[in-house]
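Below is one structure, written out as structure tokens; the observations come after it.
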Amino acid sequence: MKRKIVAFMLAMAMTVSATACGASKTEEKAETTQSSAASVDAEKYVKLCDLDKLEVTYNTYTFTDQDVEDQVKEMFEYYVDTSDTYNYTDITDRTDVQDGDFCNIDYEGKKDGVAFDGGTAQGYNLEIGSGTFIDGFEEGLKGHNVGEELDLNLTFPESYGNADLAGQAVVFHVKINKIAKREMPEMTDESVKALDMDYDSVEAMRKETKDQLQESCDTEMETSKKDALWAAIMEQSEVTEVPGELLETFKEQISKNAKSYADNYGVELEEFVKNYMQMDMDSFNKEIENSATDAAKESMVLEVIAKKAKLEVTEDEIKSRAEAEYADYSYDSADAFLEEVGKESFRQYLLQEKVDEYLNGIVKFTAGEELNIVESYNSPDASADEELELDEEDFGDEEEIVIDGDDVEEEDNVLTEDGAAEAEEEAEDAEDAEDAAAEDAAAEEAAEDGAQEAAE
């Protein structure tokens, strides 16, 4: 997690700022007075390697038919789970609730005699022993029988996410409708259609999954080429000094990005660094210093290569690309887009594209090790948010579950809002922060294209 966040912050500092979407106009105006690699005499500090003699080896990626089947199966099972459309078989040889049973219940929670929001449901299938509900709820049902109604006197944990309920005593009136076992339904064309997954057959799922895996392979191969290319350039070139004003610009940029990440998590920067990056502030500041130095060096090398190749980005090109792309990133106009991301940041992004294209024409590339794309993403070294998944739209809405035909939003069910499960709360926070960062799609794309070293 730490490595992923630091890499992203560094990437944003090298191209389009991740904090742009939340920056004020005053902050953006201040940015124009900051130093950039274009404003210093980069050639004075850079001894560029011989690009014509550069040889780069990169990874290629592939997948197997079994990978396709595994991904299809995972998607199907995920959708069955989130929509609770398992095959349930009633238990008829006994009536008492035991561990492992799926207990179909109606319940209503009251605090001080008044029902509270999210504490009521009908026909809910609760797995006994799963720890889905708050402590005491599932345990309190064990030993009771089908048809019984009972009251559970419980207390929400002090650390519970809902402040109105944290540490509060409540009473749940529960009716046990039935007990059952459940199993995953067979994946057939009919079951796929019934799940409303926007596929009319298993084969359609299989084809789209294969296409997505191939797209991932192609994307990762291009990323590997860029990573290897810039690693080789920086290793074989020499930057004798980083001008102080340029270094300070990158340090400030990365610090702002870190603050933006902390804001997305709803915490102060120091807490974010300690709890999410697992670092103390001294280590974090050293990380910023090192990252800013690397970013500044690479930006200087980029400018030197651009000058050597007689590459530049004109005002007309900046305006033209902004006009073509602003709507893709949900801005109202090209001017609004440029004001938010910063014209100089956008210029560097476009210059990076030109330099990469130029280098691809003169550098010798050799395909190296062939890696399995699924194993690569899901290896222990990969961070949680790098694990291979299909597009979110293919999985449907993760926050909605279906219980006996009634739509119930999980966020409205206080019992399944993660209870006191701290790990799951952190996972939800991480998803929220990732969603917030993803809103600036321009920054995401720039990070991939302009921060090869940072994304390693």
[X] ring center near [Y] ring center (under 6.0 Å):
X      : Y      : answer
Phe337 : Tyr331 : yes
Tyr107 : Phe137 : yes
Phe116 : Phe172 : yes

Closest non-hydrogen atom pair, [X] against [Y]:
X      : Y      : answer
Cys103 : Leu141 : SG-CD1, 4.5 Å
Val192 : Ser201 : CG1-O, 4.2 Å
Phe133 : Glu138 : N-OE2, 3.0 Å
Lys210 : Phe63  : O-CZ, 3.7 Å
Gly129 : Asp99  : CA-OD1, 3.7 Å
Pro185 : Asn87  : CA-ND2, 3.4 Å

Fill in: Glu208/Met75 under side chain to side chain contact (heavy atoms under 4.5 Å, CB included): CA gap, chis, key distance, verdict
CA-CA 12 Å; Glu208 182 161 335; Met75 178 164 60; over 6 Å; no

If we ignore hydrogens and angles and just use 3.5 Å, is the side chain of [X] paired with the main-chain N or O of [Y] as donor and acceptor?
X      : Y      : answer
Asn104 : Gly123 : yes
Asp81  : Tyr78  : no
Ser299 : Ala296 : yes
Thr223 : Thr219 : yes
Ser224 : Glu220 : no
Glu370 : Thr62  : no
Asp280 : Asp282 : yes
Thr209 : Val68  : no

Side-chain touch [X]/[Y], heavy atoms, less than 4.5 angstrom:
X      : Y      : result
Asp164 : Gln168 : no
Gln66  : Asp70  : yes
Leu154 : Asp135 : no
Arg321 : Phe346 : yes
Asn125 : Arg182 : no
Thr95  : Ile179 : no
Glu287 : Met277 : no
Lys110 : His173 : no

Nearest 0.5 Å, what's the [atom1]-[atom2] distance between [X] and [Y]?
X      : Y      : atom1 : atom2 : value
Asp218 : Glu222 : CG    : CD    : 7.5 Å
Ser283 : Gln278 : OG    : CD    : 12.0 Å
Phe284 : Ser255 : CZ    : OG    : 6.0 Å
Ser130 : Asp101 : OG    : CG    : 11.5 Å
Leu351 : Glu344 : CG    : CD    : 9.0 Å
Glu252 : Lys259 : CD    : NZ    : 13.5 Å

Heavy-atom neighbours of [X] [atom1] exceed 12 at 6.0 Å:
X      : atom1 : result
Glu215 : CD    : no
Lys181 : NZ    : yes
Glu270 : CD    : no

Practice prompt. Output, in order, the C-alpha distance, side-chain angles, deciding distance and verdict of salt bridge (charged side-chain N to carboxylate O under 4.0 Å, His left out) for Glu203 and Arg206.
Written response: CA-CA 5 Å; Glu203 186 56 37; Arg206 187 176 290 118; 2.7 Å; yes

Does any donor atom in the side chain of [X] or [Y] lie under 3.5 Å from an acceptor atom in the other side chain?
X      : Y      : answer
Gln98  : Asp96  : yes
Asp67  : Gln71  : no
Gln352 : Asp356 : yes

Practice prompt. Dump the intermediate steps for side chain to side chain contact (heavy atoms under 4.5 Å, CB included) on Asp200 and Asp189, then the final yes or no.
Written response: CA-CA 7 Å; Asp200 58 9; Asp189 292 348; over 6 Å; no

Worksheet entry | side chain to side chain contact (heavy atoms under 4.5 Å, CB included) assessment of Phe76 paired with Val202 | CA-CA 9 Å; Phe76 176 78; Val202 176; over 6 Å; no

Are the charged groups of [X] and [Y] less than 4.0 angstrom apart, N to O?
X      : Y      : value
Glu271 : Lys274 : no
Asp211 : Lys207 : yes
Lys73  : Glu77  : yes

Worksheet entry | side chain to side chain contact (heavy atoms under 4.5 Å, CB included) between Ile318 and Leu338, worked out | CA-CA 9 Å; Ile318 293 174; Leu338 290 175; 3.9 Å; yes

Worksheet entry | Test side chain to side chain contact (heavy atoms under 4.5 Å, CB included) applied to Asp106 and Val174, Ile176, Asn177, Thr120, the passing residue | Asn177

Worksheet item: Under 30°, 30 to 60°, or over 60°: which ring-plane class applies to Tyr88 and Tyr86, parallel, tilted or perpendicular?
Response: perpendicular

Practice prompt. Show your reasoning for whether salt bridge (charged side-chain N to carboxylate O under 4.0 Å, His left out) applies to Lys193 and Glu190.
Written response: CA-CA 5 Å; Lys193 291 178 183 178; Glu190 289 70 25; 5.6 Å; no

